[in-house]
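Step one of this worksheet: look at the structure below.
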Number of protein chains: 4
Amino acid sequence: MDRPEKDDAERRAQERWLEELLRAAEDDRPKMTDKQARIVNAAIEIFAEKGYSAASTSEIATKAGVAEGTIFRHYKTKKELLFSIVSPLVAKLVAPLVLKDFFKVLEAPYPNYESFLRAVIRNRSDFARKHLPALRILLQEIPFHPELREPYKDLVVEGVLPRIRRTVERFQAEGALRADFPSDAVIRLTVTSAVGFLFVRHILLPDYPWDEDAETERTIDFLMHGLAGPRE
Amino acid sequence: MDRPEKDDAERRAQERWLEELLRAAEDDRPKMTDKQARIVNAAIEIFAEKGYSAASTSEIATKAGVAEGTIFRHYKTKKELLFSIVSPLVAKLVAPLVLKDFFKVLEAPYPNYESFLRAVIRNRSDFARKHLPALRILLQEIPFHPELREPYKDLVVEGVLPRIRRTVERFQAEGALRADFPSDAVIRLTVTSAVGFLFVRHILLPDYPWDEDAETERTIDFLMHGLAGPRE
Amino acid sequence: MDRPEKDDAERRAQERWLEELLRAAEDDRPKMTDKQARIVNAAIEIFAEKGYSAASTSEIATKAGVAEGTIFRHYKTKKELLFSIVSPLVAKLVAPLVLKDFFKVLEAPYPNYESFLRAVIRNRSDFARKHLPALRILLQEIPFHPELREPYKDLVVEGVLPRIRRTVERFQAEGALRADFPSDAVIRLTVTSAVGFLFVRHILLPDYPWDEDAETERTIDFLMHGLAGPRE
Amino acid sequence: MDRPEKDDAERRAQERWLEELLRAAEDDRPKMTDKQARIVNAAIEIFAEKGYSAASTSEIATKAGVAEGTIFRHYKTKKELLFSIVSPLVAKLVAPLVLKDFFKVLEAPYPNYESFLRAVIRNRSDFARKHLPALRILLQEIPFHPELREPYKDLVVEGVLPRIRRTVERFQAEGALRADFPSDAVIRLTVTSAVGFLFVRHILLPDYPWDEDAETERTIDFLMHGLAGPRE
DNA sequence: CATGAATGAGCCTTCATTCAT
DNA sequence: CATGAATGAAGGCTCATTCAT
């Protein structure tokens with residue numbers, strides 16, 4: 001892992017720029033009244049704790065300190081309340097993938113798959129920390145609500161994936177990534193390792209005494225060695 | 001990764017022995033009446049499709065072609081029905097970890113972390129294929145039913161983990177695994193990669209045209225390179 | 001309460017004869033198989049404990065150590081099981097009242113309302129002791145099952161009551177009972193005191209350390225003084 | 001039972017005062033919405049008619065003209081609905097017994113067990129008339145719901161009974177009540193006669209053409225003669 | 001806007017009863 | 001005769017949703 005100091009500086013700049021970019025793609029909640037905010041927070045807590053189906057609007061109302069009717073003044077149905085929590089999250093998760101500039105960093109002059117990973121993992125970790133309970137809900141409910149996936153499916157399959165595939169293949173051609181794996185396998189292993197880290201870090205064992213930076217670096221190092229090119 | 005032919009033969013023998021061992025740890029369902037089997041199957045289907053809470057016993061009864069009361073003759077509550085599907089699965093998942101012989105393979109003369117991984121991944125993949133729908137349910141419901149985790153928690157944390165940790169550290173000392181990672185990180189990366197593969201393969205994209213053996217080998221190869229020692 | 005010795009002897013003979021008469025009116029249970037008997041006993045216990053409606057045939061079957069179906073082989077319905085316990089009891093309770101000889105004792109030459117009371121109270125107390133749990137059930141269920149009362153209503157109102165009324169009026173005319181009360185009031189007070197005693201003795205406070213004979217005598221003494229004639 | 005006119009006047013005054021006292025101990029139902037009142041009335045009717053266990057909430061709802069859910073908005077469970085009817089009644093029945101002033105009347109200068117009885121019987125008769133259906137339910141259900149008795153048991157056994165016993169014994173010592181009966185027997189006979197009267201009057205034969213005042217007087221007269229002292 | 005009483009469909013569960021073995 | 005699995009109607013209760021205030 002020897003890299004000249006100068007490049008390092010540039011890399012770091014690039015990483016910062018990408019993280020900025022990702023952060024910018026997330027706009028904050030639209031304005032809500034105080035009551036509405038309390039409803040949403042109560043809903044997040046209770047959906048996360050017992051699951052959407054097992055949560056009752058009356059319990060949410062009680063925890064939010066509002067009347068049951070008030071919930072339905074803001075959200076036509078219980079499902080709409082769920083979606084108001086979870087859809088913007090899906091949107092934000094997908095958002096960076098459709099940004100014009102997102103993959104530009106990968107087209108920069110040096111081999112920087114690593115920088116890219118670092119930026120993405122850090123940003124998603126911040127993201128997870130910030131939206132943890134809602135992410136849990138998303139994770140739980142996405143299998144049961146195709147409406148949450150549907151709008152993004154084509155976008156990802158036809159828009160994002162091919163672009164990633166092409167980028168990976170360029171790295172492989174350049175010798176930065178091993179060429180004996182199909183690009184899909186490289187993507188799978190990358191995503192699995194990164195998401196796996198985030199899942200273990202934030203969902204499975206959030207209370208383990210993580211040294212976050214070190215663990216992030218290890219994950220990247222592991223990935224880079226596992227995928228190091230060329231190997232014929 | 002050049003290995004002499006002779007060792008290879010022995011490795012394969014060892015792998016087959018371990019797979020055998022794992023398979024043996026799974027005993028089959030106890031005998032049920034025809035009706036009971038139909039109830040369980042219907043329940044698996046519907047729990048998997050809409051989640052435990054959102055599934056109704058009347059729907060299960062209809063799909064099973066029995067009267068609703070019949071369900072409750074066999075299972076005192078809806079929850080007991082869920083557990084009858086899911087607890088044996090948890091048991092079977094944990095079973096190999098407590099087998100005396102399970103880690104013995106790792107104490108054999110040559111560096112065989114790889115063989116161990118291959119045996120385990122293959123076996124778990126077979127397992128996933130066989131119990132797919134029930135595994136989906138398990139995955140969905142385990143966060144909401146501490147009763148499912150509780151009996152195994154101490155066993156894993158105090159019994160299994162230390163043993164794995166020790167084994168990994170021995171590999172590190174022998175130079176078979178990189179020594180610059182804490183053993184916990186090695187374990188995390190291994191498990192994440194393996195489980196991540198199985199999750200993508202069976203749950204996330206079961207319909208992708210997988211070349212299972214090739215992909216298993218790639219996952220192992222990726223892992224072994226990512227974790228190759230020493231690097232002290 | 002001074003009475004000549006000779007009369008006393010005769011009174012006692014009379015009382016014994018009446019008690020004999022009353023006892024004879026009670027024939028024992030018809031023959032049952034062992035299982036049937038166990039069912040009936042279990043039913044008595046459970047009906048008494050939780051009431052007919054709240055008792056379940058499955059609980060009865062369990063307690064009786066038979067299959068649920070077995071109950072319905074002997075009794076077409078749950079209600080029939082109840083009635084098999086309770087109707088013969090009503091019949092036995094009413095039986096003495098329709099005996100030709102029952103009131104004959106009252107037509108004997110001396111004032112012997114008292115002897116009559118003593119015989120009846122003693123006999124009913126024995127009866128209560130013997131059939132206590134079933135009596136509890138009867139008491140609880142009779143308001144909800146007109147079928148239990150119906151067959152005896154006319155008999156009592158038209159057959160028994162007038163006869164008692166006539167007898168009481170004869171005692172009043174003879175000066176043995178006070179004449180300033182209508183006969184119905186005398187009957188009410190008599191029955192109330194006697195039944196009240198039996199109720200308190202056996203149902204309300206069965207565990208109080210009763211001196212049964214003394215208390216019986218007190219009840220009779222109280223009644224005789226309260227109703228002593230003439231006073232008009 | 002000749003008593004001077006003057007004393008009579010005072011006695012009547014005293015009786016009226018006691019009746020007033022008893023009536024005061026009964027506070028009225030707390031305010032309810034119209035719907036709630038209809039639910040309670042329907043419940044009283046149906047519980048009385050078929051017993052608590054055999055009554056169904058859906059039937060109650062129909063008779064009350066409300067949705068079934070409405071019942072459970074006001075009463076968490078069916079049992080709570082029963083208790084809302086029956087517990088205040090038990091409380092009111094016991095209330096006079098714990099009034100400081102209740103037994104004071106018995107300590108007045110003349111022999112007035114009789115006045116006391118008259119006041120109590122009249123008051124309880126009014127009470128019975130007013131709460132008849134609920135009393136029927138109470139009578140039916142009290143054996144099956146220890147929770148109804150429990151709170152009052154110690155109060156009565158340790159607080160009320162000894163006081164009554166002492167009073168009765170004073171009357172016996174003074175020659176107003178017969179001294180050849182244990183005080184417990186005097187109490188039992190008194191209570192049995194009074195309660196027996198009320199039971200026959202209101203529950204068993206409510207449709208008999210009662211001359212209530214006359215019958216009350218007869219009961220008292222009967223009691224006073226049956227218990228007249230001293231008989232050493 | 002907010003409320004919360006009211007709704008009634010639907011849930012899990014119990015139960016008396018039937019019937020093939 | 002006895003069994004006990006199976007039934008399905010009915011029970012108590014919960015819940016998302018509506019609407020008059």
Side-chain angles (χ1 to χ4, degrees), chain A residues 33-36 39 52-62 64-82, chain B residues 32-36 38-39 53-62 64-81, chain C residues 33-36 39 52-62 64-82, chain D residues 33-36 38-39 52-62 64-81:
Chain A
T33 73
D34 166 56
K35 293 220 154 142
Q36 197 170 353
I39 290 169
Y52 168 74
S53 269
S56 84
T57 50
S58 92
E59 199 185 350
I60 294 171
T62 304
V66 302
E68 218 175 332
T70 308
I71 293 178
F72 290 90
R73 195 146 286 287
H74 292 283
Y75 306 93
K76 259 202 290 295
T77 64
K78 186 187 168 193
K79 199 165 198 174
E80 199 179 296
L81 172 57
L82 170 68
Chain B
M32 308 184 184
T33 74
D34 165 55
K35 291 230 154 116
Q36 197 170 353
R38 265 155 52 205
I39 289 170
S53 270
S56 88
T57 50
S58 93
E59 196 184 351
I60 293 172
T62 304
V66 303
E68 205 171 346
T70 306
I71 293 178
F72 292 91
R73 177 154 289 281
H74 293 284
Y75 305 93
K76 264 199 287 293
T77 63
K78 186 188 167 193
K79 198 165 196 173
E80 199 179 297
L81 173 56
Chain C
T33 73
D34 165 56
K35 292 221 154 137
Q36 197 169 354
I39 289 169
Y52 168 74
S53 271
S56 84
T57 50
S58 93
E59 197 183 351
I60 294 170
T62 305
V66 302
E68 218 175 332
T70 309
I71 293 178
F72 291 90
R73 195 146 287 288
H74 291 283
Y75 306 93
K76 258 201 292 294
T77 64
K78 186 186 168 193
K79 198 165 199 175
E80 198 180 296
L81 172 57
L82 170 68
Chain D
T33 74
D34 164 56
K35 290 230 154 117
Q36 197 170 354
R38 266 155 52 206
I39 289 170
Y52 168 74
S53 269
S56 88
T57 51
S58 92
E59 196 184 352
I60 294 172
T62 305
V66 301
E68 205 172 346
T70 307
I71 293 178
F72 292 92
R73 176 155 291 281
H74 292 285
Y75 305 93
K76 263 197 289 291
T77 62
K78 186 186 166 194
K79 198 167 196 173
E80 198 179 296
L81 172 56

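Every heavy atom of this structure was used, including side-chain atoms; hydrogens, water molecules and symmetry mates were not. Given the structure is predicted, the values throughout are model-derived calculations rather than measurements.
- Every residue two or more places apart in sequence or in another chain was checked for a side-chain hydrogen bond (donor to acceptor under 3.5 Å, both in side chains) with D:S53, and none qualifies.
- The distance between atom CD1 of D:I60 and atom C1' of F:dG11, rounded to the nearest whole Å, is 12 Å.
- Between B:L81 atom CG and E:dT13 atom C1' the separation is 13 Å, expressed in whole Å.
- Between D:E59 atom CD and E:dG8 atom C1' the separation is 18 Å, expressed in whole Å.
- Protein atom NZ of B:K35 is 13 Å distant from nucleotide atom C1' of F:dG8, rounded to whole Å.
- Under the side-chain hydrogen bond (donor to acceptor under 3.5 Å, both in side chains) criterion, A:S56 pairs with A:S58, not counting sequence neighbours.
- Separating the NZ atom in A:K79 from the OG1 atom in A:T77 is a distance of 8.0 Å, to the nearest 0.5 Å.
- Residues A:Y75 and A:E80 come closest through the heavy atom pair CA-OE2, 3.7 Å.
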Close N/O contacts between protein and nucleotides 16-18 of chain E (under 3.5 Å):
unit_1, atom_1, unit_2, atom_2, d
E:dA16, OP1, C:A55, O, 3.1
E:dA16, OP1, C:K78, NZ, 2.9
E:dA16, OP2, C:T57, N, 2.6
E:dA16, OP2, C:T57, OG1, 2.6
E:dT17, OP2, C:K78, N, 2.6

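- Taking 4.0 angstrom as the limit, B:H74 places a side-chain polar atom (N or O) nearer than this to OP1 or OP2 of F:dA6.
- Nucleotide F:dG4 holds its C1' atom 12 Å from the CD1 atom of C:I71, rounded to whole Å.
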Exercise for review: Would you please test D:I60 and D:L81 for side chain to side chain contact (heavy atoms under 4.5 Å, CB included) and show each step?
Suggested key: CA-CA 11 Å; D:I60 294 172; D:L81 172 56; 4.2 Å; yes
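- Atom OH of C:Y75 and atom C1' of F:dA2 are 15 Å apart (whole Å).
- Evaluation of the side chain to side chain contact (heavy atoms under 4.5 Å, CB included) rule for A:F72 yields A:T57 as partners, not counting sequence neighbours.
- The residue among D:A54 and B:T70 whose nearest nucleotide of DNA chain F is located toward the 5' end is B:T70.
- Rounding to whole angstrom units, CD of residue D:E80 and P of F:dG12 are separated by 15 Å.
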Study note, to complete from the structure: Pairs under 3.5 Å (Watson-Crick or G-U), crossing ones as [ ], inter-strand ones as |: DNA chain F comes out as .||||||||||||||||||||
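- Here salt bridge (Lys or Arg N to Asp or Glu O under 4.0 Å) pairs that include residues 64-78 of chain A, with residues two or more places apart or in two chains, number zero.
- Atoms OG1 and CZ, from D:T70 and D:R38 in turn, are 9.5 Å apart once rounded to the nearest 0.5 Å.
- In this structure, CG on C:D34 lies 9.5 Å from CD1 on C:I39, to the nearest 0.5 angstrom.
- Atom CD1 of D:I39 and atom P of F:dC13 are 14 Å apart (whole Å).
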